[in-house]
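Values in this document were obtained by computation on a predicted structure and should not be read as measured data. Every chain is numbered from 1 and lettered A, B, ... according to where its sequence line falls, protein lines coming before strand lines.
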Amino acid sequence: MHTGDWPKTAEEARAVQERLRDLVDLTDDLPALPPTVTGLDVAYDESDGIAAAVVTLETAGLTVVEARTHRAKAVFPYEPGLFAFRELPPLLAALEGLAHTPDVLVCDGHGLAHPRRFGLACHLGVLTGLPAFGVGKTRFVGTHDEPEQARGSSAPLADAGEEVGAVLRTQDGVKPVYVSAGHRIGLAHACRLTLALTPRYRLPETTRQADRLSRAALR
DNA sequence: GCGACAG
DNA sequence: ATCTTGTCGC
């Protein structure tokens, strides 16, 4: 579906981000608790082989509704800030295989918490037109205070004077995650959904399921 | 100039 | 991302 016009150089990729960033819509029309949540992740092997997985869960109960995987060869090298150009192709292919349109995408990476405010979650949201937000495991940009130790506590993530996300504690005393809006959803809503997806573990159940499936698909 | 740097 | 032994705790 995206064969042909994919950036070849870092310069071209950054230009694409600068051009698409204006298409990000932060209007939030998503129900407080959408019927389903769809997680995405990509696994890699030692020779440019990659496997993407998308898993849709019922929001209440977190049971799997459907899942899809897609294997491919990496077409773009990893570079901080341009990460989406590496994972987007297989992720989009996997998404196209779903029988049901996702209500919201939960990405393994950042959205607005990006140097040019256009991380994977924004890119995926703009290209699919679907609501999307990011839940990163580590900080990429910005500074923040340490959130309180209780699950649900959070601290603003600021970069260059802008609030680009939140550092959210999903379990008592565990390392917090980095939540940021991607497209068609607000930060507060993204944080509430993240908590709904982490009743037991640090990472969202969507990410855990997608991670497991992508690794399995790689072999 | 010197670090930092999503996955 | 992925590579890895042991270790602490429920």
Side-chain angles (χ1 to χ4, degrees), chain A residues 7 10-11 13-14 16-17 20-21 24 39-55 69-95 105-127 132-144 149 151 157-160 162 164-168 170-183 187 190-191 194 199-204 206-219:
Chain A
E11 292 63 37
R14 280 188 279 271
V16 169
Q17 294 182 323
L20 296 181
R21 60 186 294 181
V24 169
L40 314 85
D41 194 21
V42 178
Y44 301 78
D45 65 16
E46 54 291 307
S47 52
D48 281 324
I50 58 181
V54 293
V55 188
T69 60
H70 181 84
R71 295 188 54 158
K73 225 60 178 175
V75 300
F76 205 90
Y78 170 71
E79 184 175 322
L82 302 178
F83 165 56
F85 294 94
R86 185 173 174 74
E87 300 207 337
L88 231 27
L91 285 176
L92 291 172
L95 277 172
L105 304 178
V106 184
C107 308
D108 187 41
H110 301 95
L112 294 178
H114 175 278
R116 287 170 293 284
R117 307 289 179 263
F118 198 71
L120 177 64
C122 298
H123 208 146
L124 207 39
V126 166
L127 260 42
F133 67 95
V135 179
K137 296 183 284 293
T138 62
R139 185 197 71 85
F140 185 22
V141 297
T143 57
H144 63 85
Q149 293 301 306
R151 159 177 157 84
L157 176 63
D159 183 47
E162 298 178 79
V164 298
V167 184
L168 177 67
T170 56
Q171 293 300 322
D172 293 350
V174 305
K175 183 181 192 294
V177 295
Y178 293 76
V179 181
S180 58
H183 188 57
L187 179 59
C191 286
T194 298
R200 171 77 207 287
Y201 301 102
R202 177 196 176 220
L203 297 179
T206 38
T207 299
R208 288 167 47 75
Q209 292 292 331
D211 178 83
R212 186 179 60 67
L213 278 178
S214 62
R215 294 195 195 199
L218 200 54
R219 295 180 286 114

Full working for ring pair (Phe, Tyr, Trp, His ring centres under 6.0 Å) between A:H144 and A:Y178:
CA-CA 10 Å; A:H144 63 85; A:Y178 293 76; 5.4 Å; yes
What's A:A113 touching, base or sugar-phosphate or nothing? Going by heavy atoms closer than 4.0 Å.
nothing
Counting the atoms with a prime plus P, OP1 and OP2 as sugar-phosphate, which does A:L40 contact under 4.0 Å by heavy atoms, base, sugar-phosphate, or nothing?
nothing
A:H110 and A:F83: aromatic ring centres closer than 6.0 Å?
no
Applying salt bridge (charged side-chain N to carboxylate O under 4.0 Å, His left out), which residue pairs with at least one partner in residues 172-181 of chain A are found, sequence neighbours left out?
none
Distance below 4.0 Å between A:Y44 side-chain N/O and B:dG7 OP1 or OP2
no
For DNA chain B, the dot-bracket pattern of Watson-Crick and G-U pairs whose distances stay under 3.5 Å, | for other-strand partners:
.......
Between C1' of B:dC5 and CZ of A:R14, the distance in whole Å
13 Å
In whole angstroms, the gap separating P of C:dT2 from CG of A:D41 amounts to 8 Å
Under 4.0 Å between any heavy atoms, over every strand shown, what does A:D108 touch: base, sugar-phosphate, or nothing? Just pick one.
sugar-phosphate
Would you mind reading off the distance between A:D159 atom CG and B:dA6 atom C1', rounded to a whole angstrom?
13 Å
Between C1' on C:dT2 and CD on A:E87, what's the gap in Å once rounded to a whole number?
13 Å
Has A:Y78 got its ring stacked on the base of B:dG7, with centres under 5.5 Å and planes less than 30° apart?
yes
At under 4.0 Å between heavy atoms, what does A:L120 touch on the DNA or RNA strands: base, sugar-phosphate, or nothing?
base
For A:V42, run the side-chain contact (heavy atoms from CB on, under 4.5 Å) check against A:D211, A:L91, A:D108 and tell me which one passes.
A:L91
Using a 4.0 Å cut-off on protein heavy atoms (strictly under), produce a 5'-to-3' string for nucleotides 3-10 of chain C with B for base contact, S for backbone-only sugar-phosphate contact, and - for none.
--------
Check the distance between B:dA6's P and A:H114's NE2 and give it to me in whole angstrom.
11 Å
Do any pairs count as a salt bridge (charged side-chain N to carboxylate O under 4.0 Å, His left out) and have a residue in residues 71-87 of chain A, sequence neighbours left out, and if so which ones?
A:R14-A:E79
Per the under-4.0 Å heavy-atom filter, residues of residues 132-140 of chain A near DNA chain B come out as A:G136, A:K137, A:T138, A:R139, A:F140
Can you see which heavy atom on A:A84 is nearest to which on A:P89, and at what distance?
O-CD, 4.2 Å
Name all residues meeting the ring pair (Phe, Tyr, Trp, His ring centres under 6.0 Å) criterion together with A:H70; count only those two or more places apart in sequence or in a different chain, and write none if there are none.
none
Which residues satisfy the salt bridge (Lys or Arg N to Asp or Glu O under 4.0 Å) test with A:D41, sequence neighbours excluded?
none
A:Q171: partners by side-chain hydrogen bond (donor to acceptor under 3.5 Å, both in side chains), with sequence neighbours left out:
none
Among residues at least two apart in sequence or on other chains, which ones pass side-chain hydrogen bond (donor to acceptor under 3.5 Å, both in side chains) with A:R202?
none
Where each pair must be Watson-Crick or G-U wobble with both distances under 3.5 Å, what dot-bracket representation of DNA chain C is obtained, with crossing pairs in [ ] and other-strand partners as |?
..........
Short question: side chain of A:Q17, backbone of A:G81 - any donor-acceptor pair under 3.5 Å?
yes
Separation of B:dA6 atom P from A:L112 atom CG, nearest Å, is 17 Å
Between B:dA4 atom C1' and A:L82 atom CG, what is the distance in whole Å?
15 Å
Residues two or more places apart in sequence or in another chain: which of them pass side chain to side chain contact (heavy atoms under 4.5 Å, CB included) with A:P199?
A:L62
Length of the NZ-C1' vector between A:K73 and C:dA1, whole Å:
15 Å
Point-to-point distance, once rounded to the nearest 0.5 Å, from NZ of A:K137 to OG1 of A:T207:
7.0 Å
Among all residues two or more places apart in sequence or in another chain, which pass the ring pair (Phe, Tyr, Trp, His ring centres under 6.0 Å) test with A:H123?
A:F85, A:F118
